[in-house]
Number of protein chains: 2
Amino acid sequence: MARTPPTKPRKNALQARSRATVDALVEATARILVREGFEKTSTNRIADIAGVSVGSLYQYFPSKEALVAAVIDRHNEEIMGLVRTALTEVADLPIDKAVRKLVTVAIEAHRINPKLHRVLAEQIPRTGQLADVEAFNREIHTLVRAYLESRRKEMRKVDVDVATFICVSAIEAVAHNTVLNETEVLSERMVRTLVDETTRMVVGYLR
Amino acid sequence: MARTPPTKPRKNALQARSRATVDALVEATARILVREGFEKTSTNRIADIAGVSVGSLYQYFPSKEALVAAVIDRHNEEIMGLVRTALTEVADLPIDKAVRKLVTVAIEAHRINPKLHRVLAEQIPRTGQLADVEAFNREIHTLVRAYLESRRKEMRKVDVDVATFICVSAIEAVAHNTVLNETEVLSERMVRTLVDETTRMVVGYLR
DNA sequence: CTATAATGCGAGCGATCACTCGCTTTTTCT
DNA sequence: AGAAAAAGCGAGTGATCGCTCGCATTATAG
């Protein structure tokens with residue numbers, strides 16, 4: 001205890017070189033997930049593609065799970081970036097304009113990296129730390145709820161929590177299924193139709 | 001080739017005893033999935049819980065995947081049973097009555113075995129044969145589409161495929177999230193509210 | 001320049017697990 | 001009853017894979 005042992009506390013303190021290593025590892029994980037699927041994604045392979053040794057990998061990520069979690073986090077943060085921005089922009093808009101914007105953003109967000117999104121949704125077992133996607137759902141729920149609360153006078157009498165739940169579920173589902181079903185390129189024409197229709201449904205529901 | 005070799009073509013022809021074995025295996029798989037999660041579900045363990053040897057397991061199921069697929073199939077058939085029945089019952093009803101019935105059934109269907117449903121949705125990697133959940137979605141889409149087509153005169157002018165897609169996505173999402181979010185027992189009060197609200201949204205959208 | 005810390009390496013260990021094979025037991029058929 | 005087919009058995013095998021450990025290389029401090 002007297003002497004400071006040169007023990008590495010597993011993953012932290014980064015100087016220049018190591019930051020690049022960490023990035024390379026996360027990037028490699030994402031690429032393998034997309035190109036080969038979750039089953040083929042092994043730590044040895046990740047290290048390999050990242051141009052790094054397994055040993056180094058385990059300096060920064062305590063487990064394979066942690067690596068996948070990092071990819072999920074990065075992806076979710078991209079999505080949440082769009083959503084947060086949209087929700088502040090929308091704060092002063094009436095319901096019809098706001099909903100349209102939110103539906104548009106939801107689909108955009110799902111189109112950021114559709115292949116990765118698909119793999120994350122369909123192949124990653126939500127277990128242990130990976131179960132924390134829930135946190136993002138809670139944040140979205142909170143933000144949307146706050147908006148609806150502030151626009152209550154434009155709405156019919158309705159429980160705001162229930163309305164939030166229904167609207168978020170519906171919008172998310174349409175965006176999700178749109179991206180998953182349409183193999184690759186889905187026309188701008190189609191996207192506009194879906195935005196129109198979903199907006200109509202949700203706005204009609206709220207008023 | 002001249003002699004009929006007593007080779008078992010791997011899984012088929014069932015006399016009395018073996019049918020029980022197959023059932024026990026599928027049932028055991030479902031139970032382990034629920035109680036221990038997908039990760040802990042190994043073929044040795046399945047055979048163990050089923051009171052059967054691994055050897056026998058592989059007489060009827062060519063792979064672990066096949067076993068899990070059987071569980072998924074059984075569960076989906078239960079759900080599809082309810083949905084098919086509901087859709088025929090509903091054929092002559094006006095949109096508002098029909099949608100209410102369908103929403104109710106959707107939630108009921110998801111409540112058949114919520115824990116299993118959760119595991120299947122969250123922990124099973126949709127890969128290889130397991131990807132065939134899609135077939136059930138197609139059937140639902142077809143059935144709902146046919147109903148909407150037949151009720152076109154009660155509806156505003158709208159592309160029936162798009163409307164089907166939106167309605168099915170929305171209803172399924174609400175049912176799904178309802179069952180997943182509410183930990184265990186969700187009050188009849190809440191269910192009624194959700195049915196009311198979802199029905200309102202969908203009916204409002206269609207007219 | 002030397003000492004010390006930080007970063008990187010990769011062969012290989014230990015454990016798990018899907019699956020096989022040679023054999024025994026039970027059922028069916030005649 | 002006897003034979004043949006069907007069903008059942010479970011120790012063992014081969015391969016995979018997450019992860020460790022002892023050592024090498026590179027950067028920073030004094």
Side-chain angles (χ1 to χ4, degrees), chain A residues 2-26 28-29 32-33 36-70 124-125 127-130, chain B residues 3-26 28-29 32-33 36-71 124-125 127-130:
Chain A
R3 217 119 297 269
T4 28
T7 313
K8 201 94 51 49
R10 192 57 147 299
K11 168 199 186 188
N12 56 5
L14 314 179
Q15 65 182 213
R17 194 143 107 279
S18 54
R19 213 126 7 115
T21 301
V22 169
D23 281 357
L25 284 167
V26 176
T29 306
I32 300 175
L33 283 174
E36 321 242 10
F38 180 71
E39 313 254 68
K40 304 270 178 195
T41 304
S42 69
T43 52
N44 285 315
R45 188 139 178 65
I46 292 170
D48 203 21
I49 298 292
V52 155
S53 76
V54 224
S56 297
L57 184 157
Y58 279 95
Q59 297 247 335
Y60 303 106
F61 297 92
S63 68
K64 179 191 175 181
E65 235 190 357
L67 224 10
V68 175
I124 312 270
T127 262
Q129 1 183 354
L130 283 325
Chain B
R3 220 119 297 272
T4 27
T7 313
K8 202 94 53 47
R10 191 58 145 295
K11 170 199 187 192
N12 55 5
L14 313 180
Q15 64 182 214
R17 194 143 109 279
S18 54
R19 213 123 10 110
T21 301
V22 169
D23 281 356
L25 284 167
V26 176
T29 306
I32 300 175
L33 283 174
E36 321 241 11
F38 179 72
E39 314 252 69
K40 303 269 177 197
T41 304
S42 69
T43 52
N44 286 315
R45 188 137 178 68
I46 292 170
D48 203 21
I49 299 292
V52 155
S53 77
V54 224
S56 296
L57 184 157
Y58 278 95
Q59 296 245 338
Y60 304 106
F61 296 93
S63 70
K64 179 191 174 180
E65 234 189 359
L67 225 10
V68 175
V71 172
I124 313 273
T127 260
Q129 359 184 355
L130 285 324

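Here is how names work: the chains are called A, B, and so on, in the same order as the sequence lines, proteins then strands, and each is numbered from 1. These numbers come from the heavy atoms of this one structure, side chains and all, not from hydrogens, waters or symmetry mates.
When rounded to the nearest whole Å, the span between CZ of B:R17 and P of D:dA7 equals 7 Å. The nearest whole Å value for the distance from the CZ atom in B:F61 to the C1' atom in C:dT20 is 18 Å. Rounded to a whole Å, the CD atom of B:Q15 is 9 Å from the C1' atom of C:dT26. Residue A:Y58 contributes atom OH, which lies 12 Å from atom P of D:dC17 at whole-angstrom precision. A straight line from CD of B:E39 to C1' of C:dC17 spans 13 Å, rounded to a whole angstrom. Counting to the nearest Å, the C1' atom of D:dG18 and the CG atom of A:L57 are 10 Å from each other. When rounded to the nearest whole Å, the span between CZ of A:F38 and P of D:dC17 equals 11 Å. A straight line from CZ of A:R45 to P of D:dC19 spans 18 Å, rounded to a whole angstrom.
Checking the phosphate oxygens (OP1, OP2) of D:dG8, a side-chain nitrogen or oxygen of B:Y60 falls inside 4.0 Å. Between A:S53 and the phosphate of C:dG10, there is no side-chain N or O to OP1/OP2 separation shorter than 4.0 Å. Phosphate proximity of D:dA6 to B:S18: absent, as no side-chain N or O sits under 4.0 Å from OP1 or OP2. B:T21 has no side-chain polar atom (N or O) that falls below the 4.0 Å cut-off from OP1 or OP2 of D:dA7.
Note: B:T41 OG1 to B:I49 CD1 = 10.0 Å, rounded to the nearest 0.5 Å. If you take OH on A:Y60 and CG on A:L25, they are separated by 9.0 Å, rounding to the nearest 0.5 Å. Here the straight-line distance linking atom CG of B:L57 with atom CG of B:D48 works out to 11.5 Å at 0.5 Å rounding.
Across every non-hydrogen atom of B:Q129 and B:S63, the tightest pair is NE2-OG, 4.1 Å. Residues B:K64 and B:T43 approach most closely at CB-CG2, 3.7 Å, considering heavy atoms.
Base engagement by B:T43 is indicated by at least one non-hydrogen atom pair under 4.0 Å involving a base atom.
With DNA chain D read from its 5' end, the first of the two nearest nucleotides for B:S56 and B:N44 is the one closest to B:S56.
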